[in-house]
Amino acid sequence: MKYFNKVLSFRQPKSKLPALLRPPKANEALKNYLKTHSATRAIVFFRKLWRQNPSAVDSYSSLYVLKVCTQESLTVEGRQLHAMVKKVGFEPVIFLQTCLIEFYSKMGDVDYARRIFDEVCCKNAICWTSLITAYIDNNMARKALTIFRQMLMNKIEPDQVSLTVALAACADLGALCVGEWIHAYTCRKYGIKIDLCLSNALIDMYLKCGQIRAARRLFCISREKDVFTWTSMIVGHALHGQSVEALDLFARMRQTRSSVKGSKPSVLPNDVTFLGVLMACSHGGMIEEGKQYYKSMMDDYGLWPRLPHLGCMVDLFCRAGLLEEAYGFISGMLVQPNALIWRMLLGACCNHGNIELGGKVRLLLSKLDPTHTGDDVTLSNMYAGRGLWNEKMMVRDSIGCRRVPGCSSIEVAFEVNEFVAGDNHHPLKAEIYNVLEHLMGIVRSHSHIPDASDINSY
DNA sequence: TTAGGGTTAG
């Protein structure tokens, strides 16, 4: 606690605190302070409250400050506050515990978030949802789904929010079966209202799992659509090579109007929407349309292109074989192009047999990303395409021992009962591991790629 | 007076 005082004592608020301010008045004062001052000053205010009169601080005020620490990524201050919460005995307050799970997750310490979760006595749906979100935010979608299963096994009924985050995990993993199960659950379970977020999550899950028709069906029956709904569907069509459908949807989005006659569009596209539009143009070979949308994005909507938009434009030129135009576009970019952008052009040079430009781009890439041997392989393939075998061998030799051996992996999916999946001691689990071991034996022997017949013959 | 949610190139 000494450290808490020491670190935060370098800035003192100029205003004097009323003597012996107690909750809830102290909390009102803190909330007002949070609205009108910076996060750091609000924390200093909180500390002064606590130092002047410890009874002025309660779990409510601690929660307000912890939320600020989470929002502003104030790692040190958040940890100090956690220490204070422990010291004054607020730790068992579930609201604080839930917020601490989110805080540690945002700091990237998902293990500590899990520790907090384990300490919660009576875990409710919100608490479980926070842990599931923590794993998703830290790129551990598989773990997130495991927690979701455990939540069900612990007889905690999921609500709209827990189902929405579980769907995000399904979308990340391409776990269609679980996603469909959640969809069925939302329809049959009394009390679950499919709100806008849940509906959007369902559409996104179906799109990420390659079920574009199912996604479009849901999109069509959604009464309420916001920019997320439209954007998800536009991006989905674009990624599936359905450029006409994506652009048609974008045109319809721009025509959305509220019930007031002559009003402005009710849903405005954002920069992600334009990413979908530009992807649709590049995948559909629509050069002129792509250029127009790119211009409209800035002129009509005031949206400044980010690197992904610029990448889409480069992709648009490269796919059409307009290599010099792509080179000119990259060279004129106000944002520093990264290796991925240049690599896109290198790949196009290889596809279109432009060795001269390819060599120039390779030289630029060797300075940006010297360890990437794949660029040398692309260059050597370009030489091979022209029958320049000596040059090819020279480039291949220059790679030498820098080459990292390739590897590949396969995923074997089993459809098992939810309760078997979540129970590590279930007898069927051992049987599944035996089948997996059998399949791995086939992989190791290099005899053939295992398929369903190998499982049937086991 | 307090806690949890959705869209992004190659």
Side-chain angles (χ1 to χ4, degrees), chain A residues 23-32 34 58-67 70 90 93-103 105 113 116-117 120 123-134 136-137 151 158-172 195-205 207-208 215 219 222 225-236 238-239 269-283 305-316 318-319 338-348 374:
Chain A
K25 279 196 172 171
N27 294 341
E28 279 304 314
L30 180 67
K31 272 204 278 189
N32 287 333
L34 281 166
D58 63 359
S59 66
Y60 290 79
S61 49
S62 310
L63 188 73
Y64 300 145
V65 178
L66 186 59
K67 276 185 89 168
T70 309
F90 297 150
V93 178
I94 194 165
F95 299 97
L96 275 168
Q97 287 171 312
T98 312
C99 206
L100 279 168
I101 292 171
E102 198 193 337
F103 169 75
S105 161
I116 304 279
F117 171 82
V120 181
K123 299 172 180 64
N124 59 18
I126 300 178
C127 193
W128 280 93
T129 308
S130 295
L131 186 66
I132 296 169
T133 311
I136 295 172
D137 290 346
M151 176 182 174
D159 61 9
Q160 283 100 320
V161 183
S162 26
L163 293 170
T164 303
V165 295
L167 281 168
C170 296
D172 268 9
D195 62 10
L196 186 57
C197 268
L198 183 51
S199 166
N200 287 348
L202 279 167
I203 292 171
D204 180 53
M205 182 277 296
L207 287 170
K208 297 262 175 70
F219 174 85
S222 303
K225 294 182 183 73
D226 65 358
V227 66
F228 282 84
T229 327
W230 288 97
T231 303
S232 297
M233 207 60 231
I234 290 168
V235 170
L239 286 174
N270 62 19
D271 66 332
V272 186
T273 321
F274 272 100
L275 202 54
V277 169
L278 295 176
M279 268 161 53
C281 293
S282 78
H283 291 174
R306 291 180 294 113
L307 214 49
H309 300 93
L310 302 168
C312 270
M313 289 306 289
V314 174
D315 189 43
L316 179 82
C318 285
R319 281 175 194 256
N338 60 14
L340 296 180
I341 298 237
W342 285 117
R343 197 161 289 133
M344 222 184 290
L345 180 56
L346 182 67

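Order of the sequence lines sets the chain letters (A, B, ...), proteins ahead of strands, with each chain counted from 1.
Heavy atoms of Ile203(A) sit nowhere under 4.0 angstrom from any nucleic acid atom. Using a 4.0 Å heavy-atom criterion, one finds that Ser232(A) contacts the sugar-phosphate atoms exclusively. Counting any heavy atom pair closer than 4.0 Å across all strands shown, Cys99(A) reaches no nucleic acid atom. Heavy atoms of Glu28(A) sit nowhere under 4.0 angstrom from any nucleic acid atom.
Residues forming a salt bridge (charged side-chain N to carboxylate O under 4.0 Å, His left out) with Lys67(A) (at least two apart in sequence, or on another chain): none. For Phe103(A), there are no ring-ring contact (aromatic ring centres under 6.0 Å, His included) partners two or more places apart in sequence or in a different chain.
Judged by atom type and distance alone, Tyr64(A) reaches the base of dT1(B) through a side-chain donor-acceptor pair under 3.5 Å. Evaluation of atom-type donor-acceptor distances gives a pair under 3.5 Å for the side chain of Thr164(A) against the base of dG5(B).
A distance cut-off of 5.5 Å between ring centres, combined with a plane angle under 30°, leaves Phe228(A) outside any stacking arrangement with the base of dT7(B).
Listed nucleotides dA9(B), dA3(B), dG5(B) differ in distance to Val165(A); the shortest reach to its side chain belongs to dG5(B). Side-chain atoms of Asn124(A) lie closest to dA3(B) of the nucleotides dG4(B), dA3(B), dT7(B). Proximity note for Ile126(A) (side chain, C-beta onward) versus dA3(B), dG10(B), dG5(B): the nearest is dA3(B).
No donor-acceptor pair closer than 3.5 Å links the side chain of Ser199(A) to the backbone N or O of Asp195(A). Under the 3.5 Å distance criterion, the side-chain polar atoms of Ser105(A) are left unmatched by any main-chain donor or acceptor of Ile101(A).
Put simply, Lys67(A) has no side-chain N or O that comes within less than 4.0 Å of OP1 or OP2 on dT2(B).
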